[in-house]
Amino acid sequence: MEEAAVEVREYREECDRAAVEEVERECEVGSSGGDGGGGAKMCLFTDLLGDPLCRIRHSPASLMLVAETATGGAGGNGREIIGLIRGCVKTVVSGSVQGKDPIYTKVAYILGLRVSPCYRRKGVGKKLVGRMEEWFRQSGAEYSYMATEQDNEASVRLFTGRCGYSKFRTPSVLVHPVFGHTLQPSRNATIVELNKREAELLYRWHFAAVEFFPADIDTVLSNNLSLGTFLAVPAGTRWESVEAFMDAPPASWAVMSVWNCMDAFRLEVRGAPRLMRAAAGATRLVDRAAPWLKIPSIPNLFAPFGLYFLYGLGGAGPASPRLVRALCRRAHNMALDGGCGVVATEVSACEPVRAGVPHWARLGAEDLWCIKRLADGYTHGPLGDWTKAPPGRSIFVDPREF
């Protein structure tokens, strides 16, 4: 189809917010799930709580662009926003020298690309990506990457087929519902809440060679949306200090931080069949009436709900998955107290502690990260071209852009 005549410019909050929210509504993420009656498919709607910048607001450097028609709507009067894109630039670990000394690289991340349905396949998405990449290069980014679901064929075709990206990593989003009752703490683990200094020291020590670990982890941990960092060790382990722990760590341990996405955006499943909604409601009624039964009730995901995101998930030793499970129980209870519907995390396919993360497969997703080299040369000789590097066992997912 012929490319639409559009202008791409920077988002202006004072006059673009309403139009951007309308584009977001038009682009609700559809599911391959069942029919909600009247032919409507289930979809996941995101409420940005009146802040279109919420998913990039906490990044070190960010930009939001909008695409609008040059001549306006059918009457030829005014201008109409028909697409948008968000991007951020940060410094992350891209590799390491002999598995120890981290190699830091300036990278850019594309998220929130939206094009109104009636303007798709007309070059609008490609134009938005191209303009965003111009800003990435001006900001000194050497690579650009994006994330989408593996079955989002339209997005994959755009980035790999028309924008020069290549498939790179395949992490999984693991989601667990928040039940109506608290979960009993594990008797086999002792959980220590770390302060920000201790958490930064531990993270820089453990994640030094992990891809996408942010250089400004101290800023992440100090953000008001970061609710705490927790270290799990075998029950009875004596705790002295984080320095003593790093000098002589126990045979097994696990760590995790909690990020409050609920104060940034809400989610809602729309178009669900009446029978599904009724069945979920029944589990909640039983859970409230007989909490001692500990029935795994399904939260009301068919009204706006919040989530807590678990980041910095890692550990070592044969019992680390079991210790991660203890941490997830702690996070579940925090989310219950906070009024959330789910807790979620994102981990690589080979993450050693992945087996310890409780999740419901039907609520999760398999992601695909695609990457593109923006710079002509390399600033990190030992690594070479990052786009061709094999995946590591772990990956760090920045909660600021989840």
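Just so it is clear, the structure is predicted and the values come from calculations on it, not from any experiment. One is the number of the first residue; the rest follow in order along the sequence.
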| Stepwise salt bridge (Lys or Arg N to Asp or Glu O under 4.0 Å) test for E24 and R86 | CA-CA 13 Å; E24 292 278 5; R86 302 169 179 90; 2.6 Å; yes

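- Side chains of L363 and L301 form a contact here, defined as non-hydrogen atoms less than 4.5 Å apart.
- At a threshold of 4.0 Å, the pair E200-R197 does not count as salt-bridged, since none of the basic side-chain nitrogens sits closer than that to a carboxylate oxygen.
- D367 has its side chain within reach of E149: a pair of non-hydrogen atoms, C-beta onward, lies under 4.5 Å apart.
- In this pair, F213 and F207 present their aromatic rings parallel. The plane angle is below 30°, not in the 30 to 60° band.
- A distance of 6.5 Å separates CG in L158 from CG in L113, rounded to the nearest 0.5 Å.
- Panel note: side chain S241, backbone A244; a donor-acceptor pair is recorded below 3.5 Å.
- H181 and H332 have tilted rings, their planes meeting at an angle from 30° to 60° on a 0 to 90° scale.
- In this structure, W369 and I395 have side chains that are in contact, with non-hydrogen atoms separated by less than 4.5 Å.
- Contact record, V342 with P177: CG1-CA, 4.1 Å, taken as the closest heavy-atom pair.
- A salt bridge between E268 and R266 is absent, with no side-chain N of the basic residue lying under 4.0 Å from a carboxylate O of the acidic one.
- In this structure, CG in L174 is found 6.0 Å from OG in S172, a value given to the nearest 0.5 Å.
- Side chains of L84 and Y11 form no contact here, defined as non-hydrogen atoms less than 4.5 Å apart.
- Annotation for S155 and M146: closest pair OG-CE, 3.6 Å, computed over non-hydrogen atoms.
- Between G236 and T190, the closest heavy-atom pair is N-OG1, 3.6 Å.
- E142 and T105 are not linked by any side-chain donor-acceptor pair at a separation below 3.5 angstrom, with hydrogens and angles left out of the test.
- One N or O on the side chain of D16 and one on the backbone of R12 form a donor-acceptor pair closer than 3.5 Å.
- For the pair E211 and F168, the tightest heavy-atom approach, listed with the atom from each and the gap, is OE2-CZ, 4.0 Å.
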| field | Trace of the side-chain contact (heavy atoms from CB on, under 4.5 Å) decision for W259 with L227 | value | CA-CA 6 Å; W259 185 270; L227 302 181; over 6 Å; no

| Does the pair V242 and W205 meet the rule for a side-chain contact (heavy atoms from CB on, under 4.5 Å), with working shown? | CA-CA 11 Å; V242 69; W205 170 71; over 6 Å; no

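- Remark: side-chain polar atoms of R17 are paired, donor with acceptor, to backbone N or O of G50 under 3.5 angstrom.
- Side-chain N or O atoms of R284 include one that pairs as donor or acceptor with a backbone N or O of I298 at under 3.5 Å.
- Judged by distance alone, the side chain of S252 and the main-chain N or O of A319 form a donor-acceptor pair under 3.5 Å.
- The main-chain N or O of A272 is found under 3.5 Å from a side-chain atom of R277 such that the two form a donor-acceptor pair.
- Judged by distance alone, with hydrogens and angles left aside, the side-chain atoms of S222 form no donor-acceptor pair with the main-chain N or O of T219 at under 3.5 Å.
- Counting heavy atoms from C-beta outward, L323 and P234 have side chains that approach closer than 4.5 Å.
- No side-chain donor-acceptor contact under 3.5 Å links R79 to the backbone of E68.
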| request: Take V93 and V210 through the side-chain contact (heavy atoms from CB on, under 4.5 Å) test and state the conclusion after the steps. | output: CA-CA 6 Å; V93 171; V210 173; 5.9 Å; no

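- L310 contributes atom CG, which lies 12.0 Å from atom CD of E346 (distance to the nearest 0.5 angstrom).
- Partner of R354 under the side chain to side chain contact (heavy atoms under 4.5 Å, CB included) criterion, out of T345, V347, L313: V347 alone.
- Counting heavy atoms from C-beta outward, L267 and F45 have side chains that stay 4.5 Å or more apart.
- Within the 4.5 Å cutoff, side-chain heavy atoms of R204 are placed close to those of D218.
- A donor-acceptor pair is defined here as one N or O able to donate and one able to accept, closer than 3.5 Å; no such pair exists between the side chain of S116 and the backbone of C118.
- We find the SG-CE distance between C163 and M132 to be 12.5 Å, quoted to the nearest 0.5 Å.
- The two atoms that bring T91 and K106 nearest to each other are OG1-CG, 4.1 Å, heavy atoms only.
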List, one per line, each side-chain donor-acceptor pair under 3.5 Å for residues 333-341, sequence neighbours excluded.
| unit_1 | atom_1 | unit_2 | atom_2 | d |
| --- | --- | --- | --- | --- |
| N333 | OD1 | L183 | N | 2.8 |
| N333 | ND2 | L183 | O | 2.8 |

| task | Test S257 against Y203 for side-chain hydrogen bond (donor to acceptor under 3.5 Å, both in side chains), laying out the working first. | result | CA-CA 10 Å; S257 295; Y203 275 169; 2.7 Å; yes

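- For the pair L63 and I56, the tightest heavy-atom approach, listed with the atom from each and the gap, is O-CD1, 3.7 Å.
- Under the side chain to side chain donor-acceptor pair (under 3.5 Å) criterion, the residue pairs touching residues 311-326 are S226-Y311, with sequence neighbours excluded.
- With 3.5 Å as the limit, one finds no donor-acceptor pair spanning the side chains of Q150 and T170.
- Annotation: side chain of N300 is not in contact with side chain of F305 (no heavy-atom distance under 4.5 Å).
- Remark: of the listed residues R400, E401, K90, E401 is the sole one forming a side chain to side chain donor-acceptor pair (under 3.5 Å) with S59.
- Classification of the W239-F245 ring pair by plane angle, with boundaries at 30° and 60°, yields tilted.
- A distance of 12.5 Å separates CE in M262 from CG in L225, rounded to the nearest 0.5 Å.
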| Verdict with reasoning, W253 to T237, per side-chain contact (heavy atoms from CB on, under 4.5 Å) | CA-CA 10 Å; W253 60 274; T237 302; over 6 Å; no

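- Separating the CG atom in D385 from the OG atom in S166 is a distance of 8.0 Å, to the nearest 0.5 Å.
- For R393, the CZ atom sits in a loose shell: 12 or fewer heavy atoms of surrounding residues, nucleotides or ligands are nearer than 6.0 Å.
- E7 and R9 are not joined by a salt bridge, as no carboxylate oxygen comes within less than 4.0 angstrom of a charged side-chain nitrogen.
- Two rings, from W386 and Y145, have their centers 6.0 Å or more apart.
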| Please walk me through it: do T387 and Y165 pass side-chain hydrogen bond (donor to acceptor under 3.5 Å, both in side chains)? | CA-CA 9 Å; T387 67; Y165 286 70; over 6 Å; no

